[in-house]
**Q** 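Pasting a structure below so you can have a look.
Below, each value reflects all heavy atoms present in this structure, side chains not excepted, and no hydrogens, waters or symmetry copies. All values derive from a computational prediction rather than experimental measurement.
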Amino acid sequence: MIDLAIIGGGPAGLSAGLYATRGGVKNVVLFEKGMPGGQITGSSEIENYPGVKEILSGLDFMQPWQEQCFRFGLKHEMTQVERIEKKDNYFVIKQNDGREVQAKSVILATGGRPKKTGIKGEDVFWGKGVSTCATCDGFFYKNKEVVVLGGGDTALEEAIYLTKMCKKVYLIHRRDAFRAAPVTVEHAKNNEKIEFLTPYVVDEILGDNMGVTGVMVKNIETGEARKLDVPGIFIFVGYEVNNQVLKQEDGSMLCEVDEFGSIVVDLSMKTNVAGLFAAGDLRIQAPKQVVCAAGDGATAALQAIAYLDSHK
């Protein structure tokens, strides 16, 4: 039986592994179906991680994390976890190849992924002008015009945030009504830098070898087409957390989740199941920033150490 199983090898999982092994936990296994690094490895530029002055690609940024986090004895099991179950005072890690491993405690760090729209050009220019993170990429569009697609709280809040550095923000939504909170809609409508285009859809994202050069939009009531000459589009049409491993054979979830499937934790990253912790983008109210995920992982590891110590 292993002491601690960490599911997911992004910044949260790797940080958890580093703190757990360096903190004296002898048998810690990281389950990650590919090479560790996580979703951030797909980013073209990272320049807002504290202490790292170089602008690096996500792949280059995460490379030294692996070396550091495995230095203290963290083991990597390159396999996909299908389900986690709890029996008595231990957990059963069920893998998709039929193998099972028992663990005294578990940290879930499987992250999530922004929903894609399927718009023509989205995949071609993903990371080259198509973004899902205003905090990460907004600075690159200082004094430029950008498009925000979406009608929920995240879309409007990020549109407001982008006005701090962008010259103008076109907010595209297919309906006249918004899912966002009324106060958020009011703040956005009172922002002179935001132009609302409703009811509009994005037909195509245009670009060249350098990235996005424009966005074709269409009014779904009149059919009027319009080209917006912008170097970037931010897409906020939802987020899917990778919580499949929690689903039990009877369809229930191993621990408490909210209406979006995000894992409910307290400030210590504890779930409502003893010995089970969650860190990073799949927890409730996750800021979805690398530095925050790393902090979550460290917090979860310290709590797991305390849990293991109390159950010796």
Side-chain angles (χ1 to χ4, degrees), residues 39 111-127 129-138 140-141 144-207 212 214-243 257-262 281-289:
Q39 183 179 246
R113 58 199 178 279
K115 287 183 180 177
K116 291 190 175 183
T117 63
I119 294 169
K120 185 178 180 181
E122 180 182 43
D123 284 337
V124 176
F125 300 109
W126 192 266
V130 178
S131 175
T132 57
C133 181
T135 311
C136 311
D137 300 329
F140 299 121
Y141 302 97
K144 297 179 181 179
E145 296 185 355
V146 297
V147 165
V148 167
L149 176 63
D153 282 300
T154 301
L156 270 71
E157 288 166 2
E158 298 289 69
I160 294 169
Y161 173 82
L162 285 165
T163 62
K164 299 178 186 297
M165 66 278 297
C166 297
K167 183 168 67 175
K168 184 174 185 177
V169 177
Y170 295 97
L171 184 63
I172 313 294
H173 185 45
R174 65 182 301 113
R175 301 179 184 88
D176 291 320
F178 290 85
R179 300 187 308 276
V183 65
T184 307
V185 176
E186 183 180 356
H187 285 162
K189 288 188 173 180
N190 289 337
N191 192 312
E192 60 183 16
K193 285 189 174 183
I194 299 177
E195 180 178 337
F196 283 73
L197 291 180
T198 63
Y200 274 78
V201 294
V202 174
D203 266 353
E204 184 178 357
I205 300 168
L206 310 171
V212 171
V215 173
M216 293 298 302
V217 299
K218 182 177 71 176
N219 186 306
I220 59 176
E221 290 183 353
T222 67
E224 175 201 359
R226 179 178 173 185
K227 181 187 177 186
L228 304 176
D229 294 315
V230 296
I233 174 171
F234 292 82
I235 297 174
F236 304 107
V237 293
Y239 191 82
E240 297 174 335
V241 292
N242 298 325
N243 65 7
V257 299
D258 68 7
E259 65 269 32
F260 305 108
S262 301
D281 289 1
L282 85 164
R283 71 162 172 90
I284 55 168
Q285 300 177 345
K288 299 178 180 64
Q289 297 294 305

**Q** Only counting residues at least two apart or in another chain, list the ones meeting side-chain contact (heavy atoms from CB on, under 4.5 Å) with Glu192.
**A** none
**Q** List the residues meeting side-chain contact (heavy atoms from CB on, under 4.5 Å) with Lys144, not counting sequence neighbours, and say none if there are none.
**A** Tyr141, Pro231
**Q** Asn243: what forms a side chain to side chain donor-acceptor pair (under 3.5 Å) with it, not counting sequence neighbours?
**A** none
**Q** Applying side-chain contact (heavy atoms from CB on, under 4.5 Å), name anything that partners Tyr200, two or more places apart in sequence or on another chain.
**A** Ile172, Leu197, Val217, Asn219, Glu224
**Q** About how many Å separate CG of Asp203 and CD1 of Ile220, when rounded to the nearest 0.5 Å?
**A** 11.0 Å
**Q** Using the test side chain to side chain donor-acceptor pair (under 3.5 Å), find all partners of Asp123 that sit at least two apart in sequence or belong to another chain.
**A** Lys116
**Q** Does the side chain of Val169 reach to within under 4.5 Å of the side chain of Phe234, using non-hydrogen atoms?
**A** no
**Q** With Glu204, which residues qualify under side chain to side chain donor-acceptor pair (under 3.5 Å), at least two apart?
**A** none
**Q** My understanding is that only residues two or more places apart in sequence, or in another chain, count here; which of them pass salt bridge (Lys or Arg N to Asp or Glu O under 4.0 Å) with Lys168?
**A** Glu195
**Q** Less than 3.5 Å apart, which donor and acceptor atoms pair up between the side chains of residues 173-190 and the rest of the protein, not counting sequence neighbours?
**A**
| unit_1 | atom_1 | unit_2 | atom_2 | d |
| --- | --- | --- | --- | --- |
| His173 | NE2 | Ala177 | O | 3.0 |
| Asp176 | OD1 | Thr198 | OG1 | 3.1 |
| Asn190 | ND2 | Glu186 | O | 3.2 |

**Q** Is the shortest side-chain heavy-atom distance between Thr132 and Lys288 below 4.5 Å?
**A** no
**Q** Could you tell me which non-hydrogen atom of Asp281 sits nearest to which non-hydrogen atom of Gln39, and how far apart they are?
**A** OD2-NE2, 4.2 Å
**Q** For residues 156-167, please give each side-chain donor-acceptor pair under 3.5 Å, one per line with the distance, not counting sequence neighbours.
**A**
| unit_1 | atom_1 | unit_2 | atom_2 | d |
| --- | --- | --- | --- | --- |
| Thr163 | OG1 | Ile160 | O | 2.5 |
| Thr163 | OG1 | Asn191 | ND2 | 3.1 |

**Q** Run the side-chain contact (heavy atoms from CB on, under 4.5 Å) test against Val212 and tell me which residues pass, sequence neighbours left out.
**A** Phe125, Val130, Ile205
